[in-house]
Structure formats: structure tokens, C-alpha cells
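Worksheet for the structure shown next.
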Amino acid sequence: AQSNIYILTISSPPDNRLTDTLCTTLLLALDILEFSPHLYPPGVLITTSSLPKFFSNGLDLENALSDPAFLPHKLYALFRRYLTYPMPTIALLNGHAFAGGLMLAMHMDYRVMNPSRGFACVNELDFGVPLKPAMSAIFRLKCVPQTYRKLVLEAHRFGGQEAKEAGIVDETGGLEEVMRFIGQKKLTEKCKSGIYGLLKGEMYRETVERYLSVEGHGSEEER
């Protein structure tokens with residue numbers, strides 16, 4: 001009954017930094033899942049980590065800043081792919097989701113967080129790196145203003161239960177709770193009509209076009 005629930009596991013020690021290689025690999029995995037329906041019937045995608053301490057520790061800043069193509073062609077392409085993916089996506093935050101790692105999770109439809117290990121945090125304030133427009137946009141889109149302020153202007157570290165109360169995550173727990181969540185919401189049935197991705201594309205059109213597209217990124221950089 002669970003044959004169309006897929007788990008994509010990030011495994012890039014020591015802390016799953018979002019490097020060029022990792023973003024490219026995740027994009028490829030998303031393509032394989034979507035475009036091989038004879039092997040993988042449409043269903044639900046869970047993204048998690050094999051590392052017990054980290055979901056993802058965010059960007060590798062040296063890598064990100066040294067390559068002008070990284071943000072528009074790799075990182076934002078990955079964010080855009082998840083945000084408009086044609087089946088339900090769930091981030092299972094088993095450990096820390098810091099900065100870009102939390103941003104990645106926010107581009108998925110749902111988030112379930114370990115209640116006893118790890119923090120969700122946007123800590124750019126602490127190390128003096130301003131958020132790019134596309135990075136801020138997802139929090140404006142999915143968080144209430146008070147949570148957005150606490151994340152960005154206080155660099156607050158949210159544990160699992162507090163993250164749920166703040167609306168950053170939908171549930172607390174592990175894989176068992178994710179499976180229950182999928183069943184309660186009947187998520188495996190949501191993409192059967194074939195318009196799930198189209199609905200998401202329209203829901204998030206302004207963010208995709210203005211911030212996550214190559215053209216939008218270029219316009220924001222010029223501004």
C-alpha cells in the first residue's frame with residue numbers, strides 16, 4: 001500500500017552542505033523520480049538525511065560566493081524544483097536545519113521535525129551575511145510576520161515543538177509520524193489528477209518568477 005512513497009536521503013558528510021555537487025545530484029534524483037513513472041508511479045516524496053545530527057547545515061559559503069552561476073543555476077533551481085514539484089513533498093528534519101538547509105525544507109510542501117534533536121534556524125545575522133531576495137522570499141511566503149522576524153532578526157533557534165507552534169513545521173516526530181501524516185491527509189492520492197504541480201506553480205508564481213528564475217535573480221542582483 002506504501003509503494004508510491006519515496007524517501008530521498010541526503011548523505012554528504014559531515015553536515016550536508018548545499019554544494020554545487022549536492023544540488024546537482026538532488027536535481028537529478030528529482031528528475032529520475034518524476035520522469036520514470038513506469039518505475040516510480042506518482043506518489044509522495046520524503047526528503048531526509050542519513051546524518052543523525054544534521055538535515056543540512058546550509059551553504060558552503062566559499063563554494064557559493066566563488067561561482068556566480070551557483071545561486072541561479074544550482075541552488076535556486078533546486079528551490080524552484082521542490083516548490084513546484086508535481087507530487088507532495090515532505091522534509092523530515094531529523095537534525096539541525098540551519099540557514100540554507102532550512103530554506104531548502106521550506107520549499108517543500110510539509111515539514112516534520114525531530115522533537116528531541118536539532119534546531120531550525122536562519123543564522124545569517126550571526127555571521128554577517130545578508131539574505132538574498134530569494135532566500136527571504138520563502139519565509140515571507142510561508143511564515144507569519146512574527147515568526148519571520150524571530151527567524152531573521154533574532155537568529156532564534158527553534159526546537160521541534162517550538163517550530164511546530166510557530167508554524168515552521170507541521171508536525172514533530174520521525175518516519176513513523178511522517179507515514180501517519182501522509183495517511184491522515186491522503187497525500188498519496190493528491191497527484192492522481194495530474195495538476196498538483198500546476199496548482200503549486202500558480203500558488204507560488206510570484207516567488208518563482210521574481211526570485212527563483214534565472215531572469216528574476218539577474219534583475220534582483222542589478223537592483
Side-chain angles (χ1 to χ4, degrees), residues 2-19 21-30 32-33 40 43-61 63-64 74-75 78-79 81-83 85 87-124 126 135 138-139 142-143 147 150-151 155-185 187-188:
Q2 308 298 348
S3 60
N4 57 343
I5 296 175
Y6 307 102
I7 301 177
L8 177 54
T9 304
I10 305 172
S11 185
S12 184
D15 55 1
N16 286 343
R17 294 274 179 173
L18 297 175
T19 61
T21 301
L22 181 55
C23 290
T24 301
T25 303
L26 289 173
L27 283 164
L28 177 60
L30 294 173
I32 290 170
L33 179 59
Y40 309 111
V44 176
L45 174 62
I46 302 163
T47 302
T48 191
S49 164
S50 68
L51 311 178
K53 187 176 179 181
F54 290 97
F55 175 76
S56 171
N57 202 13
L59 301 187
D60 177 335
L61 279 179
N63 169 264
K74 298 296 171 65
L75 185 69
L78 182 62
F79 287 174
R81 193 77 169 97
Y82 266 112
L83 192 61
Y85 203 63
M87 60 181 76
T89 56
I90 301 173
L92 173 52
L93 308 178
N94 56 300
H96 297 310
F98 285 159
L102 180 57
M103 292 169 204
L104 177 64
M106 296 302 292
H107 285 84
M108 300 180 207
D109 298 318
Y110 304 98
R111 285 153 296 284
V112 176
M113 186 172 176
N114 187 335
S116 57
R117 180 199 288 254
F119 292 105
C121 177
V122 179
N123 55 346
E124 274 75 0
D126 293 338
M135 298 175 179
I138 193 64
F139 295 108
K142 293 199 174 182
C143 294
T147 298
K150 199 166 187 176
L151 276 166
H156 183 75
R157 295 185 172 204
F158 289 82
Q161 186 58 40
E162 189 182 7
K164 180 181 177 183
E165 291 165 3
I168 298 168
V169 304
D170 300 278
E171 291 291 347
T172 58
L175 186 58
E176 183 179 341
E177 286 74 21
V178 172
M179 299 302 279
R180 188 181 308 130
F181 183 83
I182 290 170
Q184 288 170 345
K185 291 190 173 292
L187 293 183
T188 55

Inset, instruction - Report the distance from atom NZ of Lys74 to atom OG1 of Thr24, rounding to the nearest 0.5 Å. - result: 3.5 Å

Inset, instruction - Run the ring-centre check on Phe119 versus Phe98 and record whether the distance is less than 6.0 Å. - result: no

Legend entry - Verdict with supporting geometry, Leu175 and Asn94, side chain to side chain contact (heavy atoms under 4.5 Å, CB included): CA-CA 9 Å; Leu175 186 58; Asn94 56 300; over 6 Å; no

Inset, instruction - Kindly indicate whether the side chain of Asp126, heavy atoms from C-beta on, has any atom under 4.5 Å from the side chain of Glu124. - result: no

Inset, instruction - Check whether any side-chain heavy atom of Thr9 sits under 4.5 Å from a side-chain heavy atom of Ser49, and report yes or no. - result: no

Legend entry - CD1 on Ile10 to OG on Ser56, rounded to 0.5 Å: 6.5 Å

Inset, instruction - Would you indicate whether the side-chain heavy atoms of Leu18 and Leu104 approach each other to under 4.5 Å? - result: yes

Inset, instruction - Measure across Ala91 and Met108 and return the closest heavy-atom pair with its distance rounded to 0.1 Å. - result: CB-SD, 3.5 Å

Inset, instruction - Any chance you could lay out the side chain to side chain contact (heavy atoms under 4.5 Å, CB included) test for Lys53 and Arg117, step after step, and finish with the verdict? - result: CA-CA 8 Å; Lys53 187 176 179 181; Arg117 180 199 288 254; 4.3 Å; yes

Legend entry - Side chain to side chain, Thr25 and Thr21, heavy atoms closer than 4.5 Å: yes

Inset, instruction - Would you check if there is a donor-acceptor pair between the side chains of Asn63 and Thr19 at a distance under 3.5 Å? - result: no

Inset, instruction - Kindly compute the distance separating CD1 (Ile5) from OG1 (Thr188), expressed to the nearest 0.5 Å. - result: 6.0 Å

Legend entry - Minimum heavy-atom distance between Ala163 and Phe158, given as atom pair plus value: CB-CB, 4.0 Å

Legend entry - Beyond-backbone contact of Phe139 with Thr147, side-chain heavy atoms, under 4.5 angstrom: no

Inset, instruction - Measure the spacing between SG of Cys143 and CE of Met106 and express it to the nearest 0.5 Å. - result: 4.0 Å

Legend entry - Pairwise side-chain contact, Leu51 with Pro13, heavy-atom cut-off 4.5 Å (strictly under): yes

Legend entry - Pairwise distance CZ(Arg17) to CZ(Phe54) - rounded to 0.5 angstrom: 7.5 Å

Inset, instruction - Quick one: do Tyr82 and Leu30 satisfy side chain to side chain contact (heavy atoms under 4.5 Å, CB included)? Show the steps, please. - result: CA-CA 8 Å; Tyr82 266 112; Leu30 294 173; 3.9 Å; yes

Legend entry - Shortest non-hydrogen contact between Gly43 and Met87, atoms and distance: O-CB, 3.2 Å

Inset, instruction - Working to the nearest 0.5 Å, report the span between CG of Leu92 and OG1 of Thr47. - result: 9.5 Å

Legend entry - Short side-chain to backbone donor-acceptor contact, Asn16 and Phe55, under 3.5 Å: yes

Inset, instruction - Using a 4.5 Å cut-off on heavy atoms from C-beta on, say whether the side chain of Leu27 contacts that of Arg81. - result: yes

Legend entry - Ionic contact status for Lys150 with Glu162, cut-off 4.0 Å: yes

Legend entry - Thr89 side chain to Asp109 side chain, donor-acceptor N/O pair below 3.5 angstrom: yes

Legend entry - Heavy-atom closest contact (Gly174 atom, Val112 atom, distance): O-CG1, 4.5 Å

Legend entry - Non-hydrogen atoms of Leu45 and Leu33 that approach each other most closely: CD1-CD2, 3.8 Å

Inset, instruction - Identify the heavy atoms of Pro115 and Gly173 that sit nearest to each other, and give their distance. - result: CD-N, 3.6 Å

Inset, instruction - Could you tell me whether Lys185 atom NZ has more than 12 heavy atoms of other residues or ligands within 6.0 Å of it? - result: no

Inset, instruction - Compute the ring centroids of Tyr6 and Tyr40, then answer whether they are less than 6.0 Å apart. - result: yes

Inset, instruction - Determine whether Leu187 and Ile90 make a side-chain contact, defined as any pair of heavy atoms from C-beta on separated by less than 4.5 Å. - result: yes

Legend entry - Test side chain to side chain contact (heavy atoms under 4.5 Å, CB included) applied to Leu75 and Phe79, step by step: CA-CA 6 Å; Leu75 185 69; Phe79 287 174; 3.7 Å; yes

